[in-house]
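Within every chain, numbering begins at 1; the chains are lettered A, B, ... in the order of the sequence lines, protein sequences first and strands thereafter. Atoms considered below: every heavy atom in the structure, side chains included; atoms not considered: hydrogens, waters and symmetry mates.
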2 protein chains.
Amino acid sequence: MIDTNFSKQLIDYIASRISLSLEESKLIAEAYSILHVKKKDYLISQDKAGNIEAFVIMGTFRVFYNDSKGLEHVLYFAFKDWWVGDIASFNSGELSMLNAQALEDSIVFTIDPIKKEKLLEQIPQLEKLFRIITQKHLTVLQKRFLLTVSANVAERYHELIQRHPGIEQLVPQHQIASYLGILPESLSRMKKQLLKD
Amino acid sequence: MIDTNFSKQLIDYIASRISLSLEESKLIAEAYSILHVKKKDYLISQDKAGNIEAFVIMGTFRVFYNDSKGLEHVLYFAFKDWWVGDIASFNSGELSMLNAQALEDSIVFTIDPIKKEKLLEQIPQLEKLFRIITQKHLTVLQKRFLLTVSANVAERYHELIQRHPGIEQLVPQHQIASYLGILPESLSRMKKQLLKD
DNA sequence: AAAAACTCTTAACCTACATCAACGTTTTCA
DNA sequence: TGAAAACGTTGATGTAGGTTAAGAGTTTTT
């Protein structure tokens, strides 16, 4: 059930942010379950109850929304030591708006809302940690939103590869296009144009 | 310093979400300061340390980003019983990316990061409340982002006026255009087009 | 090893919205 | 109350990115 080596990574992540007793570390390790997700498999699927929050131990995910016209929009990519989940669904029980698909064979720790609720009661310090993590997520999304509405595609492209060097080796270009909010053809065109300068 | 009538509104807001002792209510009322903001005045200004978080007692604010080309982008409008602040700046001490301007004479309760920190230590239950509030904000922003990238302007316009009936009486049309991510001319044209159907 | 699926590129054409400019109306404020 | 500022509309024109289609290269599956 619990792999000590893997759970160490989650414990380290938390312990580097708040102080944990051995007791508390054990409670955390027991609350989370390890899950192997094969390349192309889904950790979260749209229109199902997305009642999972995951911490990425290894691998990469694309988190995306499938709109009413069938177009996919990548909200973010999630790497090692990132959280993956549909926050709206996790906290309300509503159906998920998001899909999370593994881009390579991946390993995550997952928790459901009931276990998390219990864990937060057992370790009140976690309330503060998760408040801060959520604030950080909100900050990141706010920056992403403002950049999306204020910068052109070339600027957003440069911002992405600067923030994630090497992402182009890991993520297919059409998914980068989707993250940028354009079609693959347009990204291809833009990159060709960039070479001219 | 503290206006009992006004502070009651903030206390009610909090007390409807977590249980508060009289003692705790008093601590909250003392931690927040009342502030009157005149129409067109700024509660938060870009590129200053935006170290304020405010709860709107009365009035309306537009919260917007001023980009490098001088264009304004409305992130959200804030009404009675909403929170206003630049979460990134408030929690990091960085300069604010956002401006918050009163659209009418308004009254808010404000708090700075140090006082909030202290308050959270005095009333640990507030950690949970603010975690949940932040989650809610993240949920709202995520929906806004996904709608922005997946729906056309007419759809976004309808979503806005459905979610905020009466907003067109309160907010100038060019600011609604800014919220929708287009220029005033384009919104004017779109509305004319809508009438034809 | 062959077939199927996926990925990227290029080109021609189209569309939604931006840009620039002008003008009438309403609101603000001195 | 009169001038100035803010607001909304319309028109002409420009452009970034969407749409459609086709083909070539690569990876995955059987």
Side-chain angles (χ1 to χ4, degrees), chain A residues 38-42 60 62 64 66-74 77 99 101-105 147-161 167-197, chain B residues 38-42 60 62 64 66-74 77 99 101-105 147-161 167-197:
Chain A
K38 278 214 158 17
K39 182 171 179 174
K40 294 200 178 172
D41 279 358
Y42 285 78
T60 317
R62 66 188 258 260
F64 67 97
N66 207 312
D67 75 20
S68 53
K69 293 150 209 138
L71 288 175
E72 294 180 354
H73 306 271
V74 170
F77 298 106
N99 308 276
Q101 185 187 33
L103 295 180
E104 52 189 331
D105 289 357
L147 191 72
T148 299
V149 297
S150 68
N152 65 32
V153 176
E155 290 165 334
R156 273 139 59 201
Y157 171 73
H158 286 128
E159 190 273 342
L160 175 65
I161 58 176
I167 196 172
E168 290 183 296
Q169 281 66 59
L170 193 56
V171 176
Q173 187 167 304
H174 68 274
Q175 286 172 17
I176 290 180
S178 169
Y179 180 92
L180 297 173
I182 58 175
L183 296 177
E185 295 91 329
S186 299
L187 180 53
S188 187
R189 190 165 31 199
M190 190 210 75
K191 288 177 83 168
K192 188 179 167 194
Q193 186 58 39
L194 283 179
L195 291 176
K196 281 201 200 158
D197 308 331
Chain B
K38 280 217 155 19
K39 182 171 181 172
K40 293 199 178 172
D41 279 358
Y42 285 78
T60 317
R62 65 188 257 261
F64 66 98
N66 207 312
D67 74 21
S68 52
K69 293 149 210 140
L71 289 174
E72 295 181 352
H73 304 271
V74 171
F77 299 106
N99 308 277
Q101 185 187 33
L103 294 180
E104 53 189 330
D105 290 355
L147 192 71
T148 299
V149 297
S150 68
N152 65 33
V153 176
E155 289 166 333
R156 273 139 58 201
Y157 171 73
H158 286 127
E159 190 274 343
L160 175 65
I161 57 178
I167 196 172
E168 291 183 296
Q169 281 66 59
L170 193 56
V171 176
Q173 186 167 305
H174 68 276
Q175 287 171 17
I176 291 180
S178 170
Y179 179 92
L180 297 173
I182 57 175
L183 295 177
E185 293 93 325
S186 298
L187 180 54
S188 183
R189 244 188 294 264
M190 189 208 75
K191 289 176 82 168
K192 189 180 168 196
Q193 185 59 38
L194 283 178
L195 291 177
K196 282 201 197 158
D197 308 330

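Taking the nucleotide of DNA chain D with the nearest heavy atom to each of A/I182 and B/Q175, the more 5' of the two is matched to B/Q175. If you find the closest nucleotide of DNA chain C to B/K40 and to B/L187, the one lying nearer the 5' end belongs to B/L187.
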Test side chain to side chain contact (heavy atoms under 4.5 Å, CB included) applied to A/L160 and A/I167, step by step: CA-CA 8 Å; A/L160 175 65; A/I167 196 172; 4.2 Å; yes
Test side chain to side chain contact (heavy atoms under 4.5 Å, CB included) on B/R62 and B/V171 and set out the steps. CA-CA 9 Å; B/R62 65 188 257 261; B/V171 176; over 6 Å; no
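Along DNA chain C, read 5' to 3', the first and last nucleotides having any atom under 4.0 Å from a heavy atom of chain A are C/dT7 to C/dA12.
The NZ atom of A/K38 sits 12 Å away from the P atom of D/dT29 (whole-angstrom rounding). Counting to the nearest Å, the C1' atom of D/dG8 and the CD1 atom of B/I176 are 13 Å from each other. Whole-Å rounding puts the A/K69 NZ to D/dG18 C1' distance at 12 Å. Atoms CG (A/L180) and P (D/dG17) sit 10 Å apart, rounded to a whole Å. Rounded to whole angstrom, the span from the NE2 atom of A/H73 across to the P atom of D/dG17 amounts to 16 Å.
For A/F64, there are no ring pair (Phe, Tyr, Trp, His ring centres under 6.0 Å) partners, not counting sequence neighbours.
From A/E104, atom CD reaches atom OG1 of A/T60 across 3.5 Å, with rounding to the nearest 0.5 Å.
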Contact list (N/O, under 3.5 angstrom) for nucleotides 19-26 of chain D vs protein:
none

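Between the side chain of A/R156 and the main chain of A/L147, no donor-acceptor pair closer than 3.5 Å is present. B/D105 places a side-chain N or O within 3.5 Å of a backbone atom of B/K39 that can act as its donor or acceptor partner.
Residues B/L170 and B/L103 have side chains not in contact (no heavy-atom distance under 4.5 Å, counting atoms from C-beta outward). In this structure the side chain of A/S186 reaches within 4.5 angstrom of the side chain of A/R189, judged on heavy atoms.
Nearest approach of B/H73 to B/D67, heavy atoms of both residues: NE2-OD2, 2.8 Å.
No contact: A/K191 has no heavy atom under 4.0 Å from any strand. Backbone-only engagement by A/K39 is indicated by non-hydrogen atom pairs under 4.0 Å involving sugar-phosphate atoms exclusively.
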May I have the list of side-chain donor-acceptor pairs in residues 175-184 of chain A shorter than 3.5 Å, sequence neighbours left out?
unit_1 : atom_1 : unit_2 : atom_2 : d
A/S178 : OG     : A/E72  : O      : 3.1
A/S178 : OG     : A/V74  : N      : 2.9
A/Y179 : OH     : A/R163 : NH2    : 2.9

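In the displayed structure, A/K69 atom NZ is contacted under 6.0 Å by more than 12 heavy atoms of other residues, nucleotides or ligands.
Comparing the start and finish of the helix from C/dA1-D/dT30 to C/dA30-D/dT1, five pairs each, the helix axis swings through 60°, to the nearest 10 degrees.
Across residues 151-158 of chain B, not one residue has a non-hydrogen atom less than 4.0 Å from an atom of DNA chain D.
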